[in-house]
Colleague: 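Before I ask anything, here is the structure I am working with.
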Amino acid sequence: MNQPSSIRVLVVDDHPVVRQGLIGMLEKAPDIVIVGQGRNGQEAIAVFQQQQPDVTLMDLRMPEMGGVQAITVICNQFPNARIIVLTTYDTDEEIYRGLRAGAKGYLLKDSEPEELLTAIRTVTRGQQYIPPNVAAKLVQRMTAPELSDRELEVLQLVGQGMSNQEISTALNISESTVKTHINRILSKLDVKDRTQAAIIALKRGIASL
C-alpha cells in the first residue's frame, strides 16, 4: 500500500530481466513504491513528466535515446529531479557525463541490494550518493584537460582505429583539420602518439571496440 512517506521510484533499463528484477527487489522495501518504468530515454522522459517520481534509476546505454541525454532533458525541465545512474559501466568518462548531466548518484549493477536502497534513500534526502571507487575515478576525470565536443568525436574514431582520411570523411572535415584536432588531443592527454590516445579513449569509455 502506498503510504504518504513512500519514495516514488521510476526504473529505466532496456533489458526486461534487469528492469523487472530491480522492480521486484525494490517492491519488497516498505518505504518504496514503483510508479513507472521505461525501456529507453524517450520513455523515461515521458513517464517522468507524467509521474514526477521522487527518484529515478537510469541506465546509460539504451537504444533510441541514452541515459545521459534523458537525464539532461529531465533536469532541464525539472531542476530538482533526483536521478541515480545504475549501469554496468564504471569508466571515468561515463561517470563524468552522467553526473555532469545532472544525476545525483552513480551505482554499478553489481552493487548489493542494500547499497541501492541506501542510495535511493540518501538521494531522496537531497544528498548525493557516490561510492568511493566511483568518486576516485570522477576526481581523476575532472583533473584531466577538457576535450571539446569535436575533439571527443575525433578521439572516438581514433579509438576505433580510423585513419585521418577515414575520420575526415566520417566527420565531413578536411584532413588538415583532423590533424589539428589530433595534435590538440595528444597535447591535452599528454601522450606521444595516436596509439596511446586510442588506449586512453578505450580505458575512459570515450571509444569502444
Side-chain angles (χ1 to χ4, degrees), residues 6-44 47-48 53-72 74-75 81-144 156 159 199-209:
S6 293
I7 302 171
R8 303 170 67 254
V9 176
L10 164 63
V11 178
V12 184
D13 195 292
D14 63 319
H15 294 98
V17 172
V18 174
R19 193 171 64 249
Q20 294 305 321
L22 285 169
I23 290 171
M25 185 270 288
L26 293 173
E27 284 180 333
K28 295 177 182 178
D31 58 341
I32 290 178
V33 59
I34 304 299
V35 296
Q37 56 180 294
R39 296 170 296 178
N40 55 54
Q42 292 176 341
E43 291 187 5
V47 177
F48 193 101
D54 298 315
V55 175
T56 299
L57 301 180
M58 184 80 72
D59 192 11
L60 284 184
R61 300 188 186 181
M62 297 178 289
E64 298 182 41
M65 180 186 288
V68 171
Q69 189 176 351
I71 293 169
T72 302
I74 290 171
C75 289
R82 298 182 177 101
I83 301 173
I84 298 172
V85 170
L86 189 61
T87 179
T88 55
Y89 305 98
D90 67 345
T91 58
D92 51 6
E93 193 67 26
E94 298 279 5
I95 297 167
Y96 178 73
R97 291 179 67 232
L99 294 176
R100 185 179 64 173
K104 299 294 188 290
Y106 195 107
L107 270 183
L108 298 179
K109 288 180 180 177
D110 60 2
S111 300
E112 293 294 333
E114 280 305 316
E115 184 173 18
L116 177 56
L117 293 173
T118 298
I120 291 172
R121 291 162 184 155
T122 300
V123 168
T124 300
R125 295 194 297 268
Q127 302 171 349
Q128 286 190 321
Y129 190 89
I130 304 174
N133 61 321
V134 171
K137 290 193 174 185
L138 179 62
V139 169
Q140 183 180 16
R141 171 60 181 83
M142 292 180 69
T143 56
Q156 286 171 353
I199 292 170
I200 288 178
L202 293 169
K203 285 184 176 179
R204 288 189 179 178
I206 295 171
S208 57
L209 294 174

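Keep in mind that what you see is a predicted model, and the values were worked out from it rather than measured. Throughout, residue positions are numbered sequentially from 1 according to the sequence presented.
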Colleague: Would you call D13 and K109 a salt bridge, taking side-chain N to carboxylate O under 4.0 Å as the test?
Modeller: yes

Colleague: Are any of the side-chain heavy atoms of I74 and M58 separated by less than 4.5 Å?
Modeller: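 In short, these two side chains touch, coming nearer than 4.5 Å.
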
Colleague: Quick one, S6 and I32 - any side-chain contact, counting heavy atoms below 4.5 Å?
Modeller: no

Colleague: Locate the shortest heavy-atom distance separating L26 from I120; write the atom from each residue and the value.
Modeller: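 L26 and I120 have their closest heavy atoms at CD2-CD1, 3.6 Å.
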
Colleague: Do you know which two heavy atoms are closest between I71 and V85, and how far apart they sit?
Modeller: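 Taking every non-hydrogen atom into account, CD1-CG2, 3.8 Å.
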
Colleague: Please find the pair of heavy atoms, one from T56 and one from P53, that lie closest to each other, and give the distance.
Modeller: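 So the minimum-distance heavy-atom pair works out to OG1-CG, 3.5 Å.
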
Colleague: Would you call I23 and V11 a side-chain contact if the rule is heavy atoms closer than 4.5 Å?
Modeller: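 When only atoms from C-beta onward are counted, V11 and I23 do touch, with a gap below 4.5 Å.
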
Colleague: Give the minimum heavy-atom separation between N40 and M62, together with the two atoms involved.
Modeller: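 Reported closest heavy-atom pair: CA-SD, 3.7 Å.
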
Colleague: Decide whether Q20 and Q37 meet the rule of one side-chain donor and one side-chain acceptor closer than 3.5 Å.
Modeller: yes

Colleague: Are any of the side-chain heavy atoms of M25 and L116 separated by less than 4.5 Å?
Modeller: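 Result yes, sub-4.5 Å side-chain heavy-atom pair found.
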
Colleague: Any chance you could measure Q69, atom CD, to R97, atom CZ, to the nearest 0.5 Å?
Modeller: 9.5 Å

Colleague: Distance-only, no hydrogens or angles: does the S111 side chain make a donor-acceptor pair with backbone N or O of L107 under 3.5 Å?
Modeller: no

Colleague: Determine whether I7 and V55 satisfy the following criterion, side-chain contact (heavy atoms from CB on, under 4.5 Å), listing intermediate values before the conclusion.
Modeller: CA-CA 7 Å; I7 302 171; V55 175; 4.1 Å; yes

Colleague: Determine yes or no for a side-chain-to-main-chain donor-acceptor pair under 3.5 angstrom, with R82 supplying the side chain and V123 the backbone.
Modeller: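 At least one qualifying donor-acceptor pair exists.
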
Colleague: Testing the 3.5 Å rule here: is there a donor-acceptor pair between the side chains of Y106 and Q128?
Modeller: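 No pair is found: no donor N or O on one side chain lies under 3.5 Å from an acceptor on the other.
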
Colleague: Tell me, do K104 and Q127 make a side-chain contact under 4.5 Å, heavy atoms counted?
Modeller: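 Contact flag for K104/Q127 side chains = no.
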
Colleague: Between CD of E115 and OG1 of T122, what distance do you get to the nearest 0.5 Å?
Modeller: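 OG1 of T122 is found 9.5 Å from CD of E115.
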
Colleague: I'd like to know whether D14 forms a side-chain contact (heavy atoms from CB on, under 4.5 Å) with D59, so could you lay out the CA-CA distance, the side-chain angles of the two residues, the decisive distance to 0.1 Å, and finally the verdict.
Modeller: CA-CA 8 Å; D14 63 319; D59 192 11; 3.3 Å; yes

Colleague: Check whether any side-chain heavy atom of L60 sits under 4.5 Å from a side-chain heavy atom of V68, and report yes or no.
Modeller: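 Of all side-chain heavy-atom pairs linking V68 with L60, at least one is under 4.5 Å.
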
Colleague: Does L86 reach the side chain of L22, with side-chain heavy atoms less than 4.5 Å apart?
Modeller: yes

Colleague: Are any of the side-chain nitrogens in R121 or D31 under 4.0 Å away from the carboxylate oxygens of its partner?
Modeller: yes

Colleague: Run the numbers on E27 and I34 for side-chain contact (heavy atoms from CB on, under 4.5 Å), then give the verdict.
Modeller: CA-CA 7 Å; E27 284 180 333; I34 304 299; 3.7 Å; yes

Colleague: Kindly give the heavy-atom pair with the smallest separation between A29 and L117, and that separation in Å.
Modeller: CB-CD2, 3.9 Å

Colleague: May I ask you to check whether over 12 heavy atoms, not counting those of R39, lie within 6.0 Å of atom CZ?
Modeller: no

Colleague: State, yes or no, whether a side-chain contact exists between F48 and L10 at a heavy-atom distance under 4.5 Å.
Modeller: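 Result yes, sub-4.5 Å side-chain heavy-atom pair found.
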
Colleague: Looking only at heavy atoms, what is the nearest atom pair of A70 and G41, with distance?
Modeller: CB-CA, 3.6 Å

